Amino acid sequence: MRASFPEDFLWGVATASYQIEGADLQEGKGPSIWSDFTYEPGRIDSGENGDIACDHYHRYLEDIELMTRLGVNSYRFSISWPRVFPEGRGQINQTGIDFYDRLIDELLKRSIRPVVTLYHWDLPLKLQERFNGWESREIRHYFGDYSSSMFSKFGDRVKLWITMNEPYCSSHVSYLWGEHAPGKRDLRISLSVAHNLLLSHGEAVKRFREEVRDGMIGLTNVSAFVEPASDSRADLRAARLYDQFVNGWFFETPITGEYPSELFSRFEIAGVSPTIEDEDMELISTPFDFWGVNYYTRNLVRSQESSVLGSEVVQGDLPKTEMGWEIYAEGLEGFLFKVFKEYGRKPIYVTENGIASKDALVDGNVDDGPRIDYLRKHFSAALNAIKGGVDLRGFFVWTMMDNFEWARGYSKRFGLVYVDFKNDLKRVPKKSFNYYRDFLRSL
Ligand code: IFM
């Protein structure tokens, strides 16, 4: 199968700073909203946090050595904003910059292409304290300045940039469902946060165009392959509204410069729609180069008129991962076609895809058959999309190693490498690591 993918296809693994780095308040790093949130009782399963995580900050060489053994040609990671700007802006933490310099140089030495996400959820706590972080329109200038600095520090070596990871999660999972930092539950605030995130994405792209001579910049969204729970008119409409909420809001708006109209009208009537100022939509729709698609599951949706969203997700009957997410590789293929056709015919990278499974270390081995099966099916779905004409250019498995899975703590393991959190963070490649390695060699 591998040989059927384009020759210059990027095959990689993905991670995020707070989930793996550890060294949380060390070497000049400032706190993020997660440093704080994880210490609030009841927020995280088992009261865990990312203080140490996989200690990648100190063990990055060992981790890159594993990537080399794996045979990937690219690595997607995020920069921790508070590690480089402890206060969000102003005084730079040179020790943090040095860390990313070493990381990038080592990757390039191993012919592994660095793909950098500027924001994967760890907002500097200072900005939260000063003006409520993403709730304020001001944040776009801060994000723009931070992005400009990163372009100038690393742009000579990093050629693929992602402004942010899953703005759906940094808005709704954090401000509507209350599961992620800072853990609020208010749709009006959540929609305004989503607006400020999109503005900030646009600002970063604008800066990139003005300041960087080569390279590409894109936006990574989480995607849901939405299906109606029945053929009833009400459920079909609910599926449409839900698709606008999860997908359209973040995929359509940056292309068209307009929010999906049916859902926007509903929010207007409910008095929760975001305030849009002159030129906002122009900034949001600043042309960018590619889409990052994070795909995990499908969502089955039925009508729920009493909710302002007009829809609710119901349990489907497909086999599920340890996260309780349905396994549906056909959804990846379908979604890639949708993104390509409906949202600007841009190059696409699958920037995350993977599975949490019940992995156990037995006699020094982790036999994670479900992950192998999952990856095989999703690689094949990606190939079908390419054969059907989608401009898919890369695939990043989530994730390199078991790590801090946000509100679920360390209980959910997504890695190709098992991390023994009870035994000095020992790394043990799982059977799926060997599967991916052999797949990559099978030219
Ligand atoms: O771990 C997360 C990641 O940070 C963002 N996308 C989904 C993953 C699995 O939940």
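All values reported here derive from a predicted model rather than from experimental measurement. Atoms within a ligand are numbered from 1 in the order they appear, just like the ligands themselves. Side chains are part of it too, since the values below use all heavy atoms of this structure and drop only hydrogens, waters and symmetry mates.
Residue-ligand proximity, Trp406 to ligand 1, at heavy-atom distances under 4.0 Å covers atoms 1 (O), 2 (C), 3 (C), 4 (O). Proximity to His120 (heavy-atom distance under 4.0 Å) selects the following atoms of ligand 1: 3 (C), 4 (O), 5 (C). In summary, the atoms of ligand 1 found under 4.0 Å from a heavy atom of Gln19, numbered by their order in the structure, are 1 (O), 3 (C), 4 (O).
For a threshold of 3.5 Å applied to N or O pairs, the pair formed by Glu166 and ligand 1 contains at least one separation below that value.
The existence of a salt bridge linking Glu322 and Arg413 is excluded, since no basic side-chain nitrogen approaches an acidic carboxylate oxygen closer than 4.0 Å.
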Item to check | Check against side chain to side chain donor-acceptor pair (under 3.5 Å), Glu21 and Tyr60 | outcome: CA-CA 9 Å; Glu21 280 182 7; Tyr60 72 96; over 6 Å; no
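If you look at Phe267 and Trp249, their ring centroids are closer than 6.0 Å.
Of all the heavy atoms of Asn165, the ones lying under 4.0 Å from any atom of ligand 1 belong exclusively to the side chain.
Taking the six-membered ring where tryptophan is involved, the planes of Tyr100 and Phe154 are perpendicular, since the angle between them exceeds 60° and thus also 30°.
Of the protein's non-hydrogen atoms, Glu405 OE1, 2.6 Å is the one closest to atom 1 (O) of ligand 1. Of all protein heavy atoms, the one lying nearest to atom 6 (N) of ligand 1 is Glu352 OE1, 2.5 Å. Closest to atom 8 (C) of ligand 1 among all protein heavy atoms lies Tyr296 OH, 3.5 Å.
Partner Phe335 forms a ring pair (Phe, Tyr, Trp, His ring centres under 6.0 Å) with one of Phe225, Phe251, Phe340, Tyr295 and no other, that one being Phe251.
Minimum heavy-atom separation, Leu332 to His378: CD2-O, 3.5 Å.
Using a 4.0 Å cutoff on heavy atoms, Lys412 does not count as a contact of ligand 1. The shortest heavy-atom distance from Trp325 to ligand 1 is under 4.0 Å. Using a 4.0 Å heavy-atom cutoff, Thr399 is absent from the residues neighbouring ligand 1.
In this structure, Arg130 forms no cation-pi arrangement with Tyr142, as its terminal cationic atom is not both closer than 6.0 Å to the ring centre and no more than 45° off the ring axis. Cation-pi check for Arg298 over Tyr328 is met; the charged atom lies under 6.0 angstrom from the ring centroid and within 45 degrees of its normal.
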